K.L.:
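Quick one: this structure, given as structure tokens, is what I'll be asking you about.
The shown structure was predicted, so the numbers you read here are calculated from the model rather than taken from an experiment. Ligands are counted one by one from 1 in listed order, and the atoms in each one are counted from 1 as well.
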Amino acid sequence: CDARWRSLSLSAASGAGGASQPAPYTKEELAAALRDGQLMNYYQPKVSIASGRMVGVEALVRWQHPRDGIVYPDNFIPLAEESGLIDQLTRVVFSSAMKHARTWHEGGLDLSMSVNVSMDNLHSLGFVDFIVAEAAAAEVAPRKIILEVTESRLMQDLRTPLEVLARLRLRRFRLSVDDFGTGYSSLVQLRDIPFDELKIDRSFVHGAGEDPTKRAICSASIGLARQMGLDAVAEGVEDSADWRFLQAIGCDLAQGYFIARPMPADAVLAWAAHWQAT
Ligand code: C2E
Ligand code: CA
Ligand code: CA
Ligand code: CA
């Protein structure tokens with residue numbers, strides 16, 4: 001039983017990136033990586049299903065490890081959350097995302113920039129000041145910035161997190177509920193947080209055309225998004241059958257390997273030009 005659980009969690013972790021599993025890391029190693037600039041953002045395009053246009057990118061962090069090569073976030077985000085390094089990590093990712101967004105805007109690409117934010121980031125109002133200041137310094141309009149919120153565990157006291165999100169929203173930043181339908185990304189969150197976007201978890205998306213349960217969950221999520229005035233994004237669109245199904249049920253936006261894998265920042269302009277041309 002033990003072995004079965006282990007192999008299940010291993011395949012779930014490698015599913016995101018397909019990397020072999022490195023040894024678990026320590027807080028000290030991650031702190032050093034942050035200090036030495038070993039974390040870098042990859043970007044995955046987000047496209048409109050109706051028009052086919054590229055509308056934005058999502059920043060996805062990778063650790064360029066001197067010994068292990070590229071390490072995927074499932075191997076260090078939980079550590080960052082538990083060890084209190086997530087605040088610094090999110091700041092590094094966000095600052096880098098703002099620099100890239102500015103470059104792309106200057107290059108004529110009007111893209112939204114999505115950044116993943118952990119609920120653990122939302123325990124201080126100082127987070128609002130940081131986000132506002134970084135966006136202003138890079139001259140990126142808040143409405144072009146989408147904060148994707150994932151709740152990985154049950155939070156005890158939601159007062160400050162809710163206040164932080166409400167203040168960001170008042171400043172015109174956009175909020176997205178990530179991994180909708182899994183874990184704690186639930187209807188309670190939709191009730192309590194003024195979201196602009198709903199991301200349907202990829203476990204419901206790939207294969208939805210052939211699976212009645214997934215199909216029902218996708219349709220219901222899109223219907224919910226529409227009634228609440230939110231954009232619906234399907235993540236994990238892996239093949240043309242997924243795409244056609246989402247098109248048929250009126251999903252707004254899509255992300256996934258069928259469109260593009262996450263790529264280094266310097267590949268984004270060329271990818272966008274190629275995509276626009278086809
Ligand atoms: P997520 O936010 O749900 O991001 C989507 C994940 O699915 C990414 O994995 C992406 O590479 C992968 N993916 C995209 N398209 C497909 C597809 O078609 N099929 C499959 N099987 N996978 C696809 P990645 O980059 O390994 O990130 C894993 C998770 O780590 C993210 O899930 C997010 O929760 C977290 N994460 C990534 N970057 C950050 C960050 O900067 N801060 C925080 N707090 N969390 C992050
Ligand atoms: Ca996300
Ligand atoms: Ca997600
Ligand atoms: Ca996720």
Side-chain angles (χ1 to χ4, degrees), residues 11-22 30 33-34 38-47 56-64 70-98 100 112-123 127 131 145-153 174-185 189 195 197-208 221 232-243 246 253-265:
S11 61
S14 63
S20 61
Q21 292 307 296
L30 184 56
L34 278 161
Q38 290 173 10
L39 297 195
M40 58 190 267
N41 292 355
Y42 272 41
Y43 293 95
Q44 186 177 39
K46 179 159 98 178
V47 303
V57 291
E58 175 180 2
L60 294 159
V61 69
R62 273 95 182 87
W63 180 353
Q64 196 92 58
I70 291 186
V71 179
Y72 289 85
D74 289 336
N75 298 300
F76 59 89
I77 293 292
L79 169 66
E81 289 175 345
E82 287 155 20
S83 64
L85 288 171
I86 191 70
D87 220 46
Q88 202 187 335
L89 185 148
T90 300
R91 287 171 187 238
V92 165
V93 170
F94 191 81
S95 298
S96 169
M98 287 304 101
H100 289 134
S112 65
M113 171 62 75
S114 295
V115 177
N116 290 285
V117 168
S118 157
M119 285 298 273
D120 293 292
N121 289 127
L122 308 178
H123 285 295
F127 186 70
I131 296 290
I145 300 170
I146 304 173
L147 301 170
E148 298 193 1
V149 183
T150 329
E151 199 171 358
S152 54
R153 57 196 171 78
R174 296 169 65 205
L175 305 179
S176 173
V177 55
D178 205 351
D179 302 338
F180 183 71
T182 70
Y184 300 99
S185 291
Q189 282 211 335
F195 285 112
E197 178 187 274
L198 182 157
K199 288 192 94 166
I200 308 169
D201 191 71
R202 68 169 187 261
S203 62
F204 305 125
V205 171
H206 175 51
S221 302
V233 186
E235 59 174 32
V237 178
E238 291 195 8
D239 56 32
S240 63
D242 295 343
W243 176 276
L246 293 162
L253 303 165
Q255 261 179 274
Y257 295 167
F258 179 61
I259 301 141
R261 289 185 178 252
M263 62 189 84

K.L.:
Does E148 bring an N, O or S atom to under 3.0 Å of the Ca ion (ligand 2)?
P.N.:
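Yes.
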K.L.:
Check this for me: does any side-chain nitrogen of one of E148 and R174 sit under 4.0 Å from a carboxylate oxygen of the other?
P.N.:
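A salt bridge is absent here (no side-chain N lies under 4.0 Å from a carboxylate O).
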K.L.:
What atoms of ligand 1 come within less than 4.0 Å of a heavy atom belonging to P262?
P.N.:
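Counting from 1, the qualifying ligand atoms are 11 (O).
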K.L.:
Below the 3.5 angstrom mark, is there an N/O of Y257, backbone or side chain, next to an N/O of ligand 1?
P.N.:
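So ligand 1 has an N or O lying under 3.5 Å from an N or O of Y257.
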K.L.:
Name the residue from K46, R261, K199 that meets the salt bridge (Lys or Arg N to Asp or Glu O under 4.0 Å) definition with E58.
P.N.:
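Only one option passes, and that is K199.
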K.L.:
Can you tell me the angle formed at the Ca ion (ligand 3) by OD1 of D178 and OD1 of D179, to 10°?
P.N.:
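Taking the Ca ion (ligand 3) as the apex, I get 90° for this pair.
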K.L.:
Output the atom name for the N/O/S atom of E58 with the smallest distance to the Ca ion (ligand 2).
P.N.:
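E58's closest N, O or S atom to the Ca ion (ligand 2) is named OE2.
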K.L.:
How far does CZ of F94 sit from CG of N121, to the nearest 0.5 angstrom?
P.N.:
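Here the interatomic distance stands at 11.0 Å.
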K.L.:
Taking all non-hydrogen atoms of both residues, which atom of W243 and which atom of A254 are closest, and how far apart?
P.N.:
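Looking at all heavy atoms of both residues, the closest pair is CZ3-CB, 4.0 Å.
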K.L.:
Between M98 and I145, does the side-chain contact (heavy atoms from CB on, under 4.5 Å) criterion hold? Intermediate values first, please.
P.N.:
CA-CA 9 Å; M98 287 304 101; I145 300 170; 3.6 Å; yes
K.L.:
Measure I77 to ligand 1 on non-hydrogen atoms and call it side chain, backbone, both or neither using the 4.0 Å cut-off.
P.N.:
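Just the side chain.
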K.L.:
Output, in order, the C-alpha distance, side-chain angles, deciding distance and verdict of side-chain contact (heavy atoms from CB on, under 4.5 Å) for Q189 and F195.
P.N.:
CA-CA 9 Å; Q189 282 211 335; F195 285 112; 3.9 Å; yes
K.L.:
Quick one: which of E238, R202, Q44, R62 has a heavy atom closest to atom 7 (O) of ligand 1?
P.N.:
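Minimum heavy-atom distance to atom 7 (O) of ligand 1 goes to R202.
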K.L.:
E58 near ligand 1, heavy-atom distance under 4.0 Å?
P.N.:
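The answer is yes: ligand 1 sits under 4.0 Å from a heavy atom of E58.
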K.L.:
If the cut-off is 4.0 Å to any non-hydrogen atom of D179, which atoms of ligand 1 fall inside it?
P.N.:
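Counting from 1, the qualifying ligand atoms are 3 (O).
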K.L.:
Write down the atom of A208, the atom of D242, and the distance for their closest heavy-atom approach.
P.N.:
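Closest approach of A208 to D242: N-OD1, 4.2 Å.
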K.L.:
Among T150, L147, D178, which one satisfies side-chain contact (heavy atoms from CB on, under 4.5 Å) with V117?
P.N.:
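So the option named by the test is L147.
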K.L.:
For ligand 1, indicate whether the residue H206 contacts it via side chain, backbone, both or neither (heavy-atom separation under 4.0 Å).
P.N.:
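For H206, there is no contact with ligand 1 at all, from either part.
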K.L.:
Which of the atoms of ligand 1 are close to P73, meaning less than 4.0 Å from one of its heavy atoms?
P.N.:
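Matching atoms, with element in brackets: 24 (P), 25 (O), 26 (O), 27 (O), 28 (C), 30 (O), 36 (N), 37 (C).
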K.L.:
Quick check on the Ca ion (ligand 3): does E235 put an N/O/S atom closer than 3.0 Å to it?
P.N.:
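Yes, since at least one N, O or S atom of E235 sits under 3.0 Å from the Ca ion (ligand 3).
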K.L.:
Does Q255 come within less than 4.0 angstrom of ligand 1, counting non-hydrogen atoms of the residue?
P.N.:
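Contact check Q255 vs ligand 1: negative.
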K.L.:
For atom 42 (N) of ligand 1, which of V237, N116, T90 has the closest heavy atom?
P.N.:
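Shortest heavy-atom distance from atom 42 (N) of ligand 1: N116.
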K.L.:
Please work out which of V61, D242, V117 has its closest non-hydrogen atom nearest to atom 39 (C) of ligand 1.
P.N.:
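Selected option, by shortest heavy-atom distance: V61.
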K.L.:
Would you sort out whether Q38 and Q64 count as a side-chain hydrogen bond (donor to acceptor under 3.5 Å, both in side chains), showing the intermediate values?
P.N.:
CA-CA 5 Å; Q38 290 173 10; Q64 196 92 58; over 6 Å; no
K.L.:
Strictly under 3.0 Å, is any N, O or S atom of T150 next to the Ca ion (ligand 2)?
P.N.:
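No.
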K.L.:
Does the pair Y72 and R62 meet the rule for a side-chain contact (heavy atoms from CB on, under 4.5 Å), with working shown?
P.N.:
CA-CA 5 Å; Y72 289 85; R62 273 95 182 87; 3.6 Å; yes
